[in-house]
Number of protein chains: 2
Amino acid sequence: MLIRELSLRTGASIRSVRHYESKGLLEARRLANGYREYDEDAIAKVKTIQLYLNLGFSTDNIAQIINCPTLPQNDRPLCKEAYKLYKVKLDEVNKQLEILHSIQLRLQERMKEFE
Amino acid sequence: MLIRELSLRTGASIRSVRHYESKGLLEARRLANGYREYDEDAIAKVKTIQLYLNLGFSTDNIAQIINCPTLPQNDRPLCKEAYKLYKVKLDEVNKQLEILHSIQLRLQERMKEFE
DNA sequence: CTTGACTATAACATAAATGTCATGCTTTAT
DNA sequence: ATAAAGCATGACATTTATGTTATAGTCAAG
C-alpha cells in the first residue's frame with residue numbers, strides 16, 4: 001500500500017509516518033517512482049509506535065526498543081539500554097496504574113452520587 | 001519548605017515547579033517575602049504530576065484530574081471529562097502493558113542467551 | 001496532452017514542557 | 001554596608017512531535 005492508505009488505516013498523518021521513518025522506526029520499500037510502499041505489517045508497526053508515543057516514550061527511545069531484537073550481536077549493549085528503558089517505564093506504568101485504579105474507584109463513587 | 005528544597009526532593013526543576021503552579025496543578029502559600037512556601041504534601045503532589053506527565057498526560061489533563069474531587073457541585077461536567085480521560089488512558093495503558101510484558105519476556109530470554 | 005490527485009523533499013510554524021538569562025528584591029554572613 | 005545566595009517575574013530559547021506550505025515529479029482519466 002502507499003503512504004496515504006497507511007495513514008488512513010492507522011490514523012497517523014502522512015507527515016508523521018514519514019517522520020517515524022526518518023527516526024528509524026519504520027521502513028518502506030521504494031517503487032520505481034520513488035513512492036514508498038508498505039506491506040500489511042506496517043499497520044501494526046505504526047500502531048505500536050503510536051502506543052509507545054502515547055505512553056511518553058520519545059522516538060529515540062522507541063527506536064532503541066524496536067530495533068533491539070534485530071541488531072547484530074556486537075550492538076548488544078544497545079539492547080541492554082533498551083531493556084533498562086523497559087524496566088523504568090514498566091515500573092512507572094505499574095505504579096501509576098495502581099494510582100489510576102484507586103482514583104478511578106473514587107471517581108466512580110463520587111459520580112454515582114450525582115446520577 | 002522553600003521552592004529549592006521542593007525541587008531537590010522531587011527532582012523537578014524550580015522552573016517546572018513554578019510552571020505546574022501556573023497551570024493550576026500545585027499551590028503555594030506565600031511568606032511575607034513573597035517567597036513560595038510548601039508543606040510536606042507538596043512532595044507527593046509533584047511526584048504525582050511527574051508520573052502523569054511521564055504517562056503522556058498534558059498539564060491541562062492533569063489539572064482536570066487533580067482538581068476534580070475538589071470542585072464545587074456545579075462544575076461536575078468537568079469531572080465527567082476527567083473521568084473520560086481516565087478511561088481512555090487506562091485502556092491505552094492496559095493494552096500497552098500487555099505488550100510490554102510480552103516484549104519484556106522476549107527480551108529477557110534473548111539476553112539470557114548472551115550472559 | 002492537460003488536468004487532478006497522488007507522491008517526494010524541504011522549509012517554516014506550532015504547542016508544550018523545560019531550560020536559560022536578565023533584572024530586581026530579600027536575607028544572611030562578613 | 002556590602003557581597004553572596006536565594007527568591008521573584010518575565011522574556012527568550014530549545015526540544016519533540018506534528019502541522020502547513022511550497023515546489024516538483026508521476027500517473028490515471030478525460
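Numbered from 1 within each chain, the chains take letters A, B, ... in sequence-line order.
- Put simply, the side chain of I49(B) does not reach to within 4.5 Å of the side chain of F57(B), judged on heavy atoms.
- Proximity of a side-chain donor or acceptor of S7(B) to a complementary backbone N or O of A12(B) within less than 3.5 Å is detected.
- For residues 3-21 of chain A, proximity to DNA chain D is found at S13(A), R15(A), S16(A), H19(A), Y20(A), defined as any non-hydrogen atom under 4.0 angstrom from a strand atom.
- Cluster membership check: L6(A) does not share its hydrophobic cluster with Y35(A), using side-chain heavy-atom separations under 4.5 Å among Ile, Leu, Val, Met, Phe, Trp and Tyr.
- Cluster membership for Y52(A) and I43(A), using ILVMFWY side-chain heavy atoms within less than 4.5 angstrom, is shared.
- The number of heavy-atom neighbours closer than 6.0 Å to CD of E37(B), taken from other residues, nucleotides and ligands shown, is above 12.
- A 4.0 Å heavy-atom criterion places the boundary nucleotides of DNA chain C facing chain A at dC6(C) to dT9(C), written 5' to 3'.
- Residue E27(B) qualifies as open at atom CD: its count of foreign heavy atoms under 6.0 Å is 12 or below.
- The stretch residues 32-42 of chain A touches DNA chain D through N33(A), Y35(A), each having a heavy atom under 4.0 angstrom from the strand.
- For the pair N67(A) (side chain) and A63(A) (backbone), a donor-acceptor distance under 3.5 Å is present.
- Looking only at side-chain heavy atoms (C-beta outward), E40(B) and R9(B) come within less than 4.5 Å of each other.
- L31(A) comes within contact range of no nucleotide atom at all, as no heavy-atom separation falls under 4.0 Å.
- Salt-bridge check for R29(B) with E21(B): failed, with every basic side-chain N at 4.0 Å or more from each acidic carboxylate O.
- Put simply, the side chain of T48(A) gets close to the backbone of A44(A): a donor and an acceptor are under 3.5 Å apart.
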